[in-house]
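Here is the structure we will look at.
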Amino acid sequence: MKLIWDAPQELKTDRKFEEVILPKGVYTFKISKAEFAADQYKKNEFNKDGMSLKLWLDTEFQGNNKRIFATIGVDKPWIINTVVIACNLPAVKKGGSLNEQSLVDVEIKASISQYTSKVGKISNIVDHYLAAHPAGHASGHASPIDVPVADMDIPF
């Protein structure tokens, strides 16, 4: 993509906004975007290209919209499977593949905490994913998902 350096001034903006920071807790999100793409921060000896599942998780909090960007390296299939199972889809077996578009527009619950960067910026991160509509739970409360480890491709 070519950058447009000579864009008209009215298209250039110095918009400032107050980012919504969620208190630690469990929230219901809608996955508005899911894609596999490289991420330089996910590169390691098992994931040389940094390929990752990138999710846009949207929710509403006190009348404001909040989006959390979650990135899961493909070298962590058990975490990707927690997302898949939380979306009420069958777990991806070893050697299988995932159509990330099957996750779009699905409701999911996630346990959220706060992270403070080295420069002091506070942001939200996902601790773990939970089923938004857990099957077989009489209480109706979401619970952590048990992933069948025997079928996962664990890189260690």
Side-chain angles (χ1 to χ4, degrees), residues 16-47 49-156:
K16 301 251 189 259
F17 65 94
E18 186 73 29
E19 183 177 356
V20 175
I21 301 296
L22 301 174
K24 182 177 177 155
V26 175
Y27 299 87
T28 300
F29 293 90
K30 181 177 178 183
I31 300 174
S32 61
K33 184 175 180 180
E35 67 178 354
F36 281 107
D39 187 303
Q40 68 176 352
Y41 300 108
K42 297 297 179 185
K43 289 181 182 178
N44 61 43
E45 64 180 298
F46 303 107
N47 189 2
D49 297 327
M51 285 306 292
S52 304
L53 175 63
K54 296 180 175 237
L55 302 171
W56 291 14
L57 306 171
D58 292 340
T59 193
E60 187 178 313
F61 180 71
Q62 296 179 346
N64 296 303
N65 293 322
K66 170 66 178 175
R67 174 170 288 162
I68 294 179
F69 300 99
T71 304
I72 308 165
V74 296
D75 59 321
K76 298 191 175 20
W78 59 93
I79 298 174
I80 292 174
N81 258 340
T82 62
V83 173
V84 171
I85 294 167
C87 290
N88 289 322
L89 297 169
V92 178
K93 303 285 186 200
K94 184 176 180 177
S97 62
L98 171 65
N99 175 356
E100 70 272 24
Q101 292 309 303
S102 64
L103 306 175
V104 175
D105 292 331
V106 175
E107 273 193 358
I108 188 171
K109 285 192 184 266
S111 175
I112 302 301
S113 63
Q114 294 178 357
Y115 168 80
T116 304
S117 72
K118 292 176 187 174
V119 296
K121 182 181 185 292
I122 298 172
S123 56
N124 286 122
I125 58 170
V126 176
D127 287 328
H128 57 273
Y129 299 91
L130 308 105
H133 308 287
H137 289 258
S139 68
H141 291 92
S143 61
I145 296 166
D146 293 323
V147 176
V149 175
D151 290 337
M152 303 301 130
D153 186 16
I154 300 175
F156 51 85

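Distance check: Phe29 CZ to Thr59 OG1 gives 5.5 Å after rounding to the nearest 0.5 Å. Atom CG in Asp127 sits 7.0 Å away from atom CD1 in Ile112 (nearest 0.5 Å). Atom CD1 of Ile125 and atom CG of Leu22 lie 12.0 Å apart (nearest 0.5 Å). To the nearest 0.5 Å, the span separating CD1 on Ile85 from CG on Leu130 amounts to 12.0 Å. Atom NZ of Lys30 and atom CG of Leu57 lie 12.5 Å apart (nearest 0.5 Å). Interatomic distance, Leu53 CG to Lys42 NZ, rounded to the nearest 0.5 Å: 11.0 Å.
Looking at Val26 and Ser111, their side chains come closer than 4.5 Å, going by heavy atoms from C-beta outward. For the pair Met51/Phe36, a side-chain contact is recorded, criterion being any heavy-atom separation below 4.5 Å from C-beta on.
Residues Ala38 and Asp49 come closest through the heavy atom pair CB-O, 3.5 Å. When all heavy atoms of Ile31 and Cys87 are compared, the pair lying nearest together is CD1-SG, 3.8 Å. The two residues Val92 and Asn81 come nearest to each other via the heavy atoms N-OD1, 2.8 Å. Nearest approach of Ser52 to Gly73, heavy atoms of both residues: OG-CA, 3.7 Å. Between Val126 and Ala110, the closest heavy-atom pair is CG1-CB, 4.0 Å.
Residues forming a side-chain contact (heavy atoms from CB on, under 4.5 Å) with Tyr41 (at least two apart in sequence, or on another chain): Asp39. Contacts of Gln114 classified as side-chain contact (heavy atoms from CB on, under 4.5 Å), with partners at least two apart in sequence or in another chain: Ile21, Ile122, Asn124.
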Exercise. After noting the C-alpha distance and the side-chain angles of Val74 and Asn47, does the key distance pass the side-chain contact (heavy atoms from CB on, under 4.5 Å) rule?
Worked result: CA-CA 7 Å; Val74 296; Asn47 189 2; 3.9 Å; yes
Which pairs would a plain distance check flag for residues 95-106, meaning a side-chain donor or acceptor within less than 3.5 Å of a matching protein atom at least two apart in sequence or in another chain?
residue : atom : partner : partner atom : Å
Asn99   : OD1  : Gln101  : N            : 3.0
Gln101  : NE2  : Ala34   : O            : 3.1
Ser102  : OG   : Asn99   : O            : 2.6

